[in-house]
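The block underneath contains the structure these notes are about, expressed in structure tokens.
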Amino acid sequence: LLGLGFCDLDRKVEHRAGKSVWELVIEDGAERYRRLEGEQLVRALRDRPFGILTLGDGALIDPAGRRRVLEESTLVVLDYDLAGCFWRLLTRPAPQHDWWHPLHREPLLGPEQLRPFVDARRRGLEAAPHRIRMRGRTLAAALAEVRALLPVAA
């Protein structure tokens, strides 16, 4: 919609690993996933122009990766509150599992269950120079705000 190229970091990780993120984490462990994610982040930031690069839920946890993203791109975070995160997870299909995330092998029962997960990512999210608060907003409204933030899309 912005007329820019699009790259999803998790899809790059899946391509490199030859399996889905869920399979990678379950079969090979979170450490291997994070290592591949870091490698693919460096590659994606190096390959220009890439346009829009979407990051996985924990890509900003690693301080080195976070620093690279902040130095080499315009970081925009779509900021969902706990209830918004809970709703998004409830309404998206989980691949053949009753759990809500490959690192959390339990059914999703309520928003408070997400607090440790969100808190672990808070530092990376708060580092973003541009945060779009999604509570009560449509994706179209968020897109308009992203468009205004990116000089090439204005």
Side-chain angles (χ1 to χ4, degrees), residues 1-16 20-22 24-25 30 33-34 36-95 97 99-104 106-154:
L1 294 172
L2 294 173
L4 298 170
F6 179 82
C7 176
D8 184 288
L9 188 61
D10 277 347
R11 300 304 74 80
K12 291 176 93 48
V13 170
E14 289 175 340
H15 181 74
R16 175 72 174 93
S20 75
V21 168
W22 281 67
L24 177 63
V25 172
Y33 166 69
R34 291 291 177 219
L36 288 174
E37 181 183 52
E39 291 169 7
Q40 293 305 309
L41 178 61
V42 168
R43 179 174 276 161
L45 290 171
R46 186 187 63 220
D47 295 344
R48 300 285 181 169
F50 61 74
I52 302 291
L53 172 64
T54 59
L55 304 177
D57 58 45
L60 299 175
I61 291 175
D62 174 55
R66 182 171 58 242
R67 187 173 46 256
R68 285 191 77 118
V69 169
L70 291 168
E71 290 172 357
E72 300 178 30
S73 68
T74 301
L75 179 60
V76 179
V77 168
L78 300 182
D79 192 1
Y80 288 89
D81 60 4
L82 281 180
C85 288
F86 179 71
W87 180 252
R88 285 177 54 86
L89 287 168
L90 277 182
T91 58
R92 63 118 176 104
H97 303 289
W99 351 300
W100 58 277
H101 193 278
L103 296 174
H104 299 275
E106 56 196 18
L108 186 59
L109 303 174
E112 279 302 313
Q113 188 178 3
L114 300 174
R115 189 169 301 283
F117 185 79
V118 171
D119 286 349
R121 288 146 177 79
R122 186 166 315 286
R123 179 179 240 169
L125 299 175
E126 289 176 348
H130 307 288
R131 294 173 72 193
I132 299 174
R133 303 219 186 271
M134 294 302 294
R135 185 179 189 139
R137 297 186 93 159
T138 64
L139 287 176
L143 178 62
E145 195 166 334
V146 170
R147 181 178 285 133
L149 291 171
L150 302 176
V152 296

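Computed over heavy atoms, backbone and side chain alike; hydrogens, waters and symmetry mates excluded.
Of all heavy-atom pairs between L4 and G51, the closest is CB-CA, 4.1 Å. Considering every non-hydrogen atom in both L82 and R115, the closest pair reads CD1-NH2, 3.1 Å. Here the shortest heavy-atom pairing between P102 and W22 reads CD-CE2, 3.6 Å. Nearest heavy-atom pair across D79 and R131 is OD2-NH2, 2.6 Å. In terms of heavy atoms, A59 sits closest to L9 at CB-CD2, 4.2 Å. What you find for L78 and A142 is that their closest heavy atoms are CD2-CB, 4.3 Å.
Note that CZ of F86 and CD of E112 are 11.0 Å apart. Values are rounded to the nearest 0.5 Å. Rounded to the nearest 0.5 Å, atoms CG (L75) and CG (L149) are 10.5 Å apart. Note that NE2 of H15 is 13.5 Å distant from CG of D8, once rounded to the nearest 0.5 Å. Between L55 atom CG and Q40 atom CD the span is 12.5 Å, to the nearest 0.5 Å.
With sequence neighbours excluded, the residues satisfying salt bridge (charged side-chain N to carboxylate O under 4.0 Å, His left out) with R68 are E72.
Put simply, the side chain of D62 does not reach to within 4.5 Å of the side chain of L41, judged on heavy atoms. Side-chain contact between P129 and L70 is present, with heavy atoms from C-beta onward closer than 4.5 Å. Considering only heavy atoms from C-beta on, I61 stays 4.5 Å or farther from R123 through its side chain.
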Evaluation steps, side chain to side chain contact (heavy atoms under 4.5 Å, CB included), between V69 and L53:
CA-CA 10 Å; V69 169; L53 172 64; over 6 Å; no
Start with the C-alpha gap between T54 and D10, add the side-chain angles, then the distance that decides, and say whether side chain to side chain contact (heavy atoms under 4.5 Å, CB included) holds.
CA-CA 8 Å; T54 59; D10 277 347; over 6 Å; no
Mind running side chain to side chain contact (heavy atoms under 4.5 Å, CB included) on I132 and R137 for me, showing each step along the way?
CA-CA 9 Å; I132 299 174; R137 297 186 93 159; 3.5 Å; yes
Please lay out, stage by stage, how L89 and L114 fare under the test side chain to side chain contact (heavy atoms under 4.5 Å, CB included).
CA-CA 10 Å; L89 287 168; L114 300 174; 3.7 Å; yes
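Annotation for L90: atom CG counts as buried by contact number, over 12 foreign heavy atoms lying within 6.0 Å.
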